[in-house]
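Owing to the predicted nature of the structure, the values given are computational and were not obtained by experimental measurement.
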Amino acid sequence: MQYPDLTTATVSSSADVVRVVQLTDCHLCAQPGGTLLSLDTDFSLQAVINQLKARYPNPDLVLGTGDLSDGGARAAYQRLQGYFGQLSEHCFYLPGNHDNHREMIDVLGDYPAMAGTVRAANWQIVMLNSQVPGEVGGCLGAAEIKRLVQALDRGREEGLYSLICMHHQPVPVGSQWIDEQMVSDAASLFSTLEGYDGARGVLWGHVHQQIDWQRGSLPLMATPSTCVQFAPGSENFRADDLAPGYRLLELHPDGTISTTVERVEGIEFTVDLESGGYL
Ligand SMILES: [Fe+2]
């Protein structure tokens, strides 16, 4: 069952440029100190946040793009607020395959934290739900595509540029095992976006690695996890030894996006690289 959310949150940005932080795939366990491939996911998320606080204080808003918990535990979402809230009072979340959407809404609140669309300056950020309950793979479905069309129509009427966010990847990233989980109706997504000049970027998580590609002029962006990384170009599951990371985005008044991915520096993280899987 999907829980479509038609609410719109508005954030007043401090300048014309909207400064956004994306954190994704935090995989917080039910108990603090829980691990994924031997990595303490609370510890790695706090390390990410510490670096962000030192380097990029006071972003206009923070996006959490799914798999914020590892098993959908209520306690994980309660701790999540404590972590993200260190960066901004404007934090917005969408669910991934590891999340329990109902628990997310119960703990984080359906508005504004789980708002369907976030507006800031002359931008709107459309938060889509690609989760299919009980499945690892993603699908937007007719209801989310319809909501996207409504948001884009409204954005066109009001002169807003749009950044579209979801959890699963809408394009193959080159690793067979995880590309089996990509958004199954990505063709509908892209055929929709092609009709709107104001659609200026697609952003996701799930693949635990950096992607900065273009589809025509449309930026396609995926971001490292705040915990374990996946090795690119892998036929079967393989973890990578790169550090936890995050993405910074600047949404400019002319409809362009500047973006960089950074990783935590100065800390040794121990990950079980021999693991055959993480699901
Ligand atoms: Fe995921």
Side-chain angles (χ1 to χ4, degrees), residues 21-29 34-49 51 63-72 76 80 83 93-99 128 130-132 135-139 165-184 186 202-213 215 219-249 259-265 267-279:
V21 170
Q22 181 203 9
L23 304 178
T24 196
D25 298 87
C26 307
H27 287 268
L28 294 180
C29 300
T35 61
L36 186 66
L37 305 189
S38 304
L39 179 69
D40 178 338
T41 56
D42 281 79
F43 175 78
S44 63
L45 176 56
Q46 186 61 60
V48 162
I49 285 173
Q51 184 164 304
L63 304 175
T65 49
D67 287 0
L68 302 168
S69 79
D70 193 53
L80 184 75
Y83 290 120
Y93 309 95
L94 56 78
N97 47 295
H98 281 258
D99 287 309
L128 295 177
S130 64
Q131 185 202 62
V132 181
E135 303 282 335
V136 177
C139 180
C165 303
M166 65 201 72
H167 177 67
H168 295 83
Q169 75 272 34
V171 292
V173 299
S175 288
Q176 185 183 329
W177 72 275
I178 206 163
D179 283 337
E180 291 169 2
Q181 304 163 11
M182 69 174 270
V183 173
S184 60
V202 183
L203 177 67
W204 65 87
H206 189 62
V207 297
H208 293 222
Q209 61 196 273
Q210 179 182 2
I211 301 280
D212 276 285
W213 295 341
R215 188 178 192 274
L220 304 177
M221 299 165 279
T223 301
S225 163
T226 64
C227 60
V228 171
Q229 312 305 311
F230 299 160
S234 303
E235 186 176 341
N236 300 305
F237 174 85
R238 190 158 59 89
D240 210 343
D241 61 358
L242 295 173
Y246 53 88
R247 181 179 290 272
L248 307 165
L249 303 104
T259 186
T260 53
V261 162
E262 296 188 354
R263 295 178 187 275
V264 173
E265 297 173 18
I267 297 177
E268 283 289 320
F269 296 92
T270 303
V271 175
D272 177 10
L273 294 174
E274 304 308 314
S275 172
Y278 86 113
L279 297 175

Has the side chain of [X] got a donor or acceptor atom that lies under 3.5 Å from a matching backbone atom of [Y]?
X	Y	answer
Thr24	Thr65	yes
Gln51	Arg263	yes
Thr226	Pro244	no
Asp179	Val173	yes
Gln22	Trp204	yes
His208	Gln229	no
Gln181	His206	no
Asp25	Pro224	no
Thr41	Thr35	no
Asp99	Leu68	yes

Distance (rounded to the nearest 0.5 Å) between [X] [atom1] and [Y] [atom2]:
X	Y	atom1	atom2	answer
Ser234	Gln176	OG	CD	11.0 Å
Asp40	Cys29	CG	SG	8.0 Å
Ser175	Gln169	OG	CD	9.0 Å
Leu220	Asp212	CG	CG	9.5 Å
Ser130	His168	OG	NE2	5.0 Å
Asn97	Asp67	CG	CG	4.5 Å

- [ ] Starting from the C-alpha separation in whole Å, work towards a yes-or-no answer on side chain to side chain contact (heavy atoms under 4.5 Å, CB included) for Ser44 and Phe269.
- [x] CA-CA 8 Å; Ser44 63; Phe269 296 92; 3.9 Å; yes
Task: Test item: Leu203 and Arg247 side chains (from C-beta on) under 4.5 Å apart, heavy atoms - done: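 Side chain of Leu203 against side chain of Arg247, heavy atoms only: contact under 4.5 Å found.
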Task: Contact check, side chains of Met182 and Pro172, non-hydrogen atoms, under 4.5 Å - done: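 A side-chain contact under 4.5 Å exists here.
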TODO: Determine, stepwise, if the pair His98 / His27 fulfils side chain to side chain contact (heavy atoms under 4.5 Å, CB included).
DONE: CA-CA 8 Å; His98 281 258; His27 287 268; 3.6 Å; yes
Open item on the list: With side-chain contact (heavy atoms from CB on, under 4.5 Å) as the test, pick out the partner of Met221 among Thr259, Val261, Val202.
Closed with: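 The passing option is Thr259.
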TODO: For Asp240, check side chain to side chain donor-acceptor pair (under 3.5 Å) against everything at least two apart and list the hits.
DONE: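 With sequence neighbours excluded, Asp240 shows a side chain to side chain donor-acceptor pair (under 3.5 Å) to no residue whatsoever.
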Open item on the list: For Gln46 and Tyr83, which I'm curious about, is there any donor-acceptor pair between the side chains at under 3.5 Å?
Closed with: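 The answer is no; no qualifying pair exists.
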Task: Considering all heavy atoms, the nearest Ala47-Ile267 contact - done: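 Minimum heavy-atom separation between Ala47 and Ile267: CB-CD1, 3.8 Å.
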Task: Residue pair Tyr246 / Glu262: nearest heavy atoms and the distance that separates them - done: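 So the two residues come closest at OH-OE1, 2.6 Å.
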